Amino acid sequence: MQRICVFSGSSHGRGEQYLDQARQVGTVLARRGITVVYGGARVGTMGSLADGALEAGGQVVGVIPRALVDWDVAHQGLSELHVAEDLHQRKAMMAEQADAFIALPGGSGTLEELFEIWTWGQLGLHAKPVGLLNVAEYFTPLVGFLDHMTREGFLHQPHRDMLLIEKDLETLLDRFAGYQPPDYAWRENPTESTD
């Protein structure tokens, strides 16, 4: 795995733990020789992620929409900075450049990026692993809701299982290395026999 896209926030979150963890993720990926692909900002956990990777000698590729460049939030010290015309183009560029995806704590934009790339995997548009790094139990309520969606029949178990969730980055990366997308075809009624 040479490039991992990390979805994270433009905010700091409450407390230093989120910034510290984002910086540590950047550091670990850089030390493993993995290029970080991310949203291109210098602020929030995004900036901390990039700084951690750069300080560890890693390569960091930012993809940022033009509107955010105009707001002066682009990170100017990256290995590469690509300017997209809009958010749709940004997400497509990030997905194209990555071998896997990790979501760190963030806001609605982070969740939107995560859910889109996970859905693309469910539809067979890519076979790349997608994971949540559950820093300080941040995603635990979301994980509970995903399990509720599965119990209620709106999310099929093979698709639920595609989203890899760990508290430890090294464990998540190990799971990425062995990832195989499910051999699963969607059916309108999942209780129907396939015989």
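Index from 1, following the sequence. For clarity, every value in this text was computed on a predicted model and none was experimentally measured.
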Which pair of non-hydrogen atoms, one from [X] and one from [Y], has the smallest distance, and what is that distance?
{"X": "I165", "Y": "R160", "answer": "CD1-NH2, 3.6 Å"}
{"X": "T45", "Y": "P105", "answer": "OG1-O, 3.9 Å"}
{"X": "M46", "Y": "G40", "answer": "SD-N, 4.4 Å"}
{"X": "T110", "Y": "L104", "answer": "CG2-O, 3.4 Å"}
{"X": "P65", "Y": "R90", "answer": "CD-NE, 3.4 Å"}
{"X": "A95", "Y": "W120", "answer": "CB-CZ3, 3.6 Å"}

Any sub-3.5 Å donor-acceptor pair from [X]'s side-chain atoms to [Y]'s backbone N or O?
{"X": "N134", "Y": "E166", "answer": "no"}
{"X": "S48", "Y": "G44", "answer": "no"}
{"X": "H126", "Y": "K128", "answer": "yes"}
{"X": "Y18", "Y": "V135", "answer": "no"}
{"X": "Y38", "Y": "A41", "answer": "yes"}

Nearest 0.5 angstrom please: [X] [atom1] to [Y] [atom2], how far?
{"X": "I102", "Y": "L169", "atom1": "CD1", "atom2": "CG", "answer": "5.5 Å"}
{"X": "S108", "Y": "F115", "atom1": "OG", "atom2": "CZ", "answer": "12.0 Å"}
{"X": "D168", "Y": "L133", "atom1": "CG", "atom2": "CG", "answer": "8.0 Å"}
{"X": "T140", "Y": "K167", "atom1": "OG1", "atom2": "NZ", "answer": "6.0 Å"}
{"X": "R175", "Y": "E170", "atom1": "CZ", "atom2": "CD", "answer": "14.5 Å"}
{"X": "S8", "Y": "L114", "atom1": "OG", "atom2": "CG", "answer": "12.0 Å"}

Report yes or no: do L68 and L87 belong to one cluster of Ile/Leu/Val/Met/Phe/Trp/Tyr joined by side chain heavy-atom distances under 4.5 Å? no
Does L19 share a hydrophobic cluster with L54, counting links as ILVMFWY side-chain heavy atoms below 4.5 Å and allowing steps through other members?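 L19 and L54: separate clusters.
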If only side-chain N and O atoms count, and only distance matters, is there a donor-acceptor pair under 3.5 Å linking D20 with Q24? no
Side chains of Q59 and S79 only: does a donor on one sit below 3.5 Å from an acceptor on the other?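 There is such a pair (donor and acceptor under 3.5 Å, judged by atom type) between the side chains of Q59 and S79.
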Is there a side-chain contact between [X] and [Y] (heavy atoms, below 4.5 Å)?
{"X": "I34", "Y": "V28", "answer": "no"}
{"X": "F145", "Y": "T150", "answer": "no"}
{"X": "R42", "Y": "D72", "answer": "yes"}
{"X": "L146", "Y": "W118", "answer": "yes"}
{"X": "T27", "Y": "E55", "answer": "no"}
{"X": "T171", "Y": "D174", "answer": "no"}
{"X": "I64", "Y": "L81", "answer": "yes"}
{"X": "P129", "Y": "M162", "answer": "no"}

Before giving the answer on side-chain contact (heavy atoms from CB on, under 4.5 Å), spell out for Q97 and H82 the whole-Å C-alpha distance, their side-chain angles and the decisive distance to 0.1 Å. CA-CA 11 Å; Q97 295 195 42; H82 302 277; 3.8 Å; yes
Is it the case that over 12 heavy atoms from other parts of the model lie below 6.0 angstrom from the CD atom of Q2?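 At most 12 heavy atoms, drawn from other residues, nucleotides or ligands, come within 6.0 Å of this atom.
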Does E80 CD have over 12 foreign heavy atoms under 6.0 Å away? yes
So, applying salt bridge (Lys or Arg N to Asp or Glu O under 4.0 Å) with K91, which one of E85, E112, E113, E96 is it?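 Going through E85, E112, E113, E96 one by one, the salt bridge (Lys or Arg N to Asp or Glu O under 4.0 Å) with K91 is satisfied by E112 alone.
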Between F154 and H159, is the ring-ring contact (aromatic ring centres under 6.0 Å, His included) condition met? List the steps. CA-CA 10 Å; F154 288 99; H159 291 158; over 10 Å; no
H75 and V60: side-chain contact (heavy atoms from CB on, under 4.5 Å), yes or no, with the steps? CA-CA 10 Å; H75 197 302; V60 181; over 6 Å; no
Plane angle bin for F101 and F7 - parallel if under 30°, tilted between 30 and 60°, otherwise perpendicular: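 It falls in the parallel class, under 30°.
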Evaluate I4 against L29 for side-chain contact (heavy atoms from CB on, under 4.5 Å), listing each step before the verdict. CA-CA 8 Å; I4 293 181; L29 294 179; 4.0 Å; yes
Might you work through the side-chain contact (heavy atoms from CB on, under 4.5 Å) test for R32 and L173, ending with a clear yes or no? CA-CA 10 Å; R32 280 189 171 216; L173 293 175; 3.5 Å; yes
